[in-house]
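Working notes for the structure below.
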Amino acid sequence: MEFMPQMQMHQPTSVEDAVSLHGAAPDGRYLAGGSDLLVNIRRGIEQPDSLVYVNNIPEMRAITETSDQITIGGAVTLRELSGNSAVAEHFAAVAQAAGEVAGPSHREYGTVGGNLCLDTRCVFYNQSEWWRAANNYCLKYRGEICHVAPGGKKCFAAFSGDVAPALLLFDAEVEIAGPDGRRRMPLADLYRNDGMDHLTLRPGELLVAIHVAKLTTSISSAPIASAYAKSRIRGSIDFPLAGVAVAMAVAGGKITDLRIALTGVSPLPFLAKGMDDFIGREGDETCLEEIRDKIRTQAKAMKTTTTPPHYRRRVAGALAQKLAASIF
Ligand SMILES: Cc1cc2nc3c(=O)[nH]c(=O)nc-3n(C[C@H](O)[C@H](O)[C@H](O)COP(=O)(O)OP(=O)(O)OC[C@H]3O[C@@H](n4cnc5c(N)ncnc54)[C@H](O)[C@@H]3O)c2cc1C
Ligand code: SF4
């Protein structure tokens, strides 16, 4: 680990001040819990000259509920999110995913905004400066080749945040503030399939809040249940090798709605395709195995962890099968 470099620290109490302080120091970074950013700085991967700390902004610290939606401030901690009764009631997978991030002490200060804006990860990148230097660095930072796919020019570092797939199930929207004011967009549009540049945020933009509309019933009026599960090396504290979120409604023993989202297996979290094919099906063994296989083919994990890609693909399918079976 490197020493912490000299940096200026700002502690604004409003979104507008945070954006303007960031604008005055374009090489700066927003800092929330710091559980990812500070590690990257100590590894020499990130070298900001200033930090704009966002956890003192009241607007970003609250979870608010109205009759039809829940708004989660970007600086709400993972402990607060996982323990919130309204979130657990309407978006069980979101509360579960937040409770599965890292270990209890990280969840105490790690935030949902930091989790959604987490950098992508790779076993050739998340290493100390001397390790990366000894391996001639890599495309994502300072190097000229990708050690995962040496012939190509694409980075496959995996997005490994737990909460994003769960929020994708519910068509969550993110509220963004930046030098040009505020805007809202679907959470899915926050990400692109590029391990080197996976966020679509424009320079200086801050994730202020997440808005999720309550969706208590599907088209068929059947209640929607949801759940999240992940595979990880250390059960007590670790990033997902593969993370799976499932939302499903069942009426009369048949699927009336099915959504599955994945994390940890590509540079972006995403909703799996082709889930409507299962509408009208009974949750028998054949159906569950087909769900497993469809997820497995879409989980295109690369060699970005010490665990082999084929295991991560298989476990993604198995988790989807297990979660779907638990909801039936
Ligand atoms: C040992 C260990 C295990 C971990 N395990 C997991 C795990 O299992 N699952 C998982 O998902 N994560 C894991 N993490 C990563 C991290 O703890 C969490 O993802 C956490 O939610 C990050 O939030 P933070 O507030 O600490 O983010 P920070 O570190 O403060 O920020 C992360 C990034 O987001 C940016 N950012 C922060 N807030 C905003 C905002 N509001 N708007 C725009 N940009 C913003 C920062 O500039 C930075 O680039 C682990 C970390 C460690 C050290
Ligand atoms: S996928 Fe390749 S370019 Fe990206 S971080 Fe890993 S080694 Fe580097």
Side-chain angles (χ1 to χ4, degrees), residues 15 18-19 22 28-43 45-46 48 51-55 57 60 73-79 81 97-103 105-127 132 135-150 152-166 174-178 190 194-196 198-199 201 204-210 230-241 243 263-264 267 269 302-305:
V15 166
V19 170
H22 196 288
R29 300 297 299 269
Y30 289 118
L31 173 73
S35 60
D36 192 58
L37 181 60
L38 295 183
V39 178
N40 287 350
I41 292 173
R42 292 289 310 273
R43 284 186 161 152
I45 294 170
E46 304 257 11
L51 297 174
V52 179
Y53 183 65
V54 298
N55 289 9
I57 301 174
M60 291 179 60
V76 163
T77 67
L78 297 161
R79 178 184 60 74
L81 184 59
E100 290 284 309
V101 174
S105 55
H106 298 89
R107 298 195 290 274
E108 198 64 38
Y109 56 94
T111 64
V112 62
N115 196 263
L116 296 180
C117 297
L118 199 61
D119 195 5
T120 53
R121 298 183 64 78
C122 173
V123 67
F124 295 101
Y125 174 74
N126 297 95
Q127 299 286 354
R132 284 178 291 111
N135 287 280
N136 291 327
Y137 299 99
C138 78
L139 270 186
K140 184 164 159 76
Y141 187 61
R142 295 179 72 173
E144 286 173 9
I145 62 156
C146 168
H147 302 293
V148 167
K153 285 285 169 208
K154 182 171 156 57
C155 169
F156 296 94
F159 179 80
S160 305
D162 283 298
V163 182
V174 282
E175 183 175 336
I176 308 288
L190 181 63
D194 178 353
M196 266 187 285
H198 72 299
L199 293 179
L201 288 178
E205 283 192 326
L206 174 68
L207 193 158
V208 176
I210 302 119
K230 70 198 259 193
S231 163
R232 52 182 157 181
I233 293 175
R234 298 168 292 183
S236 56
I237 168 178
D238 233 323
F239 288 92
L241 295 167
T263 188
M302 299 287 284
K303 212 178 151 192
T304 53
T305 67

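One-based numbering, in listed order, for ligands and for the atoms of each.
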Side-chain donor/acceptor of [X] to backbone N/O of [Y], under 3.5 Å:
{"X": "T111", "Y": "A75", "value": "no"}
{"X": "R107", "Y": "G99", "value": "yes"}
{"X": "N115", "Y": "G161", "value": "no"}
{"X": "H22", "Y": "G28", "value": "yes"}

- Message: So, using side-chain hydrogen bond (donor to acceptor under 3.5 Å, both in side chains) as the criterion, who are the partners of R43 when residues are at least two apart?
- Response: none
- Does the pair K140/D194 count as a salt bridge with the N-to-O cut at 4.0 Å?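 Judged by the 4.0 Å cut-off on N to carboxylate O distance, K140 and D194 do not form a salt bridge.
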Given [options], which one has a non-hydrogen atom that is nearest to [atom]?
{"atom": "atom 53 (C) of ligand 1", "options": "C117, S35, A97", "value": "S35"}
{"atom": "atom 42 (N) of ligand 1", "options": "V54, L207, L37", "value": "L207"}
{"atom": "atom 39 (C) of ligand 1", "options": "A98, G113, G110", "value": "G113"}

- Message: Would you call the rings of Y141 and Y125 parallel, tilted or perpendicular, taking 30° and 60° as the class edges?
- Response: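 It falls in the perpendicular class, over 60°.
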- Decide whether a cation-pi geometry holds between R121 and F239; the criteria are a distance under 6.0 Å from NZ or CZ to the six-membered ring centre and an angle within 45° of the ring axis. yes
- Under 4.0 Å, heavy atoms only, figure out whether ligand 1 is touched by the backbone of K230, its side chain, both or neither.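 Within the 4.0 Å criterion, K230 contacts ligand 1 through side-chain atoms alone.
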- Which bit of R232 is near ligand 1, meaning a heavy atom under 4.0 Å away: side chain, backbone, both or neither?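 Answer for R232: neither.
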For [X], is at least one N or O under 3.5 Å away from an N or O on ligand 1?
{"X": "H106", "answer": "no"}
{"X": "I237", "answer": "no"}
{"X": "N115", "answer": "yes"}
{"X": "L78", "answer": "no"}

- Near atom 2 (Fe) of ligand 2, which protein N/O/S atoms are found at less than 2.8 Å?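 You should have found C146 SG.
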- Any non-hydrogen atom of R107 lying under 4.0 Å from ligand 1? no
- Query: Does ligand 1 have an atom under 4.0 Å from some heavy atom of D119?
  - Reply: no
- Message: Between H106 and L78, is there a side-chain heavy-atom distance shorter than 4.5 Å?
- Response: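 Answer no - side chains too far apart.
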- Query: To the nearest 0.1 Å, how far is atom 27 (O) of ligand 1 from its closest protein heavy atom, and which atom is that?
  - Reply: G114 CA, 3.4 Å
- Note on the structure: shortest atom 13 (C) of ligand 1-to-protein heavy-atom contact is with F239 CE2, 3.1 Å
- Query: With sequence neighbours excluded, what pairs up with D238 under the salt bridge (Lys or Arg N to Asp or Glu O under 4.0 Å) test?
  - Reply: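 Salt bridge (Lys or Arg N to Asp or Glu O under 4.0 Å) check on D238 returns R234.
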- Query: After noting the C-alpha distance and the side-chain angles of E100 and K230, does the key distance pass the salt bridge (charged side-chain N to carboxylate O under 4.0 Å, His left out) rule?
  - Reply: CA-CA 8 Å; E100 290 284 309; K230 70 198 259 193; 5.2 Å; no
- Task: State which residues pass ring-ring contact (aromatic ring centres under 6.0 Å, His included) with Y137; sequence neighbours excluded, sorted by chain then number.
- Result: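 For Y137 there are no ring-ring contact (aromatic ring centres under 6.0 Å, His included) partners, ignoring immediate neighbours.
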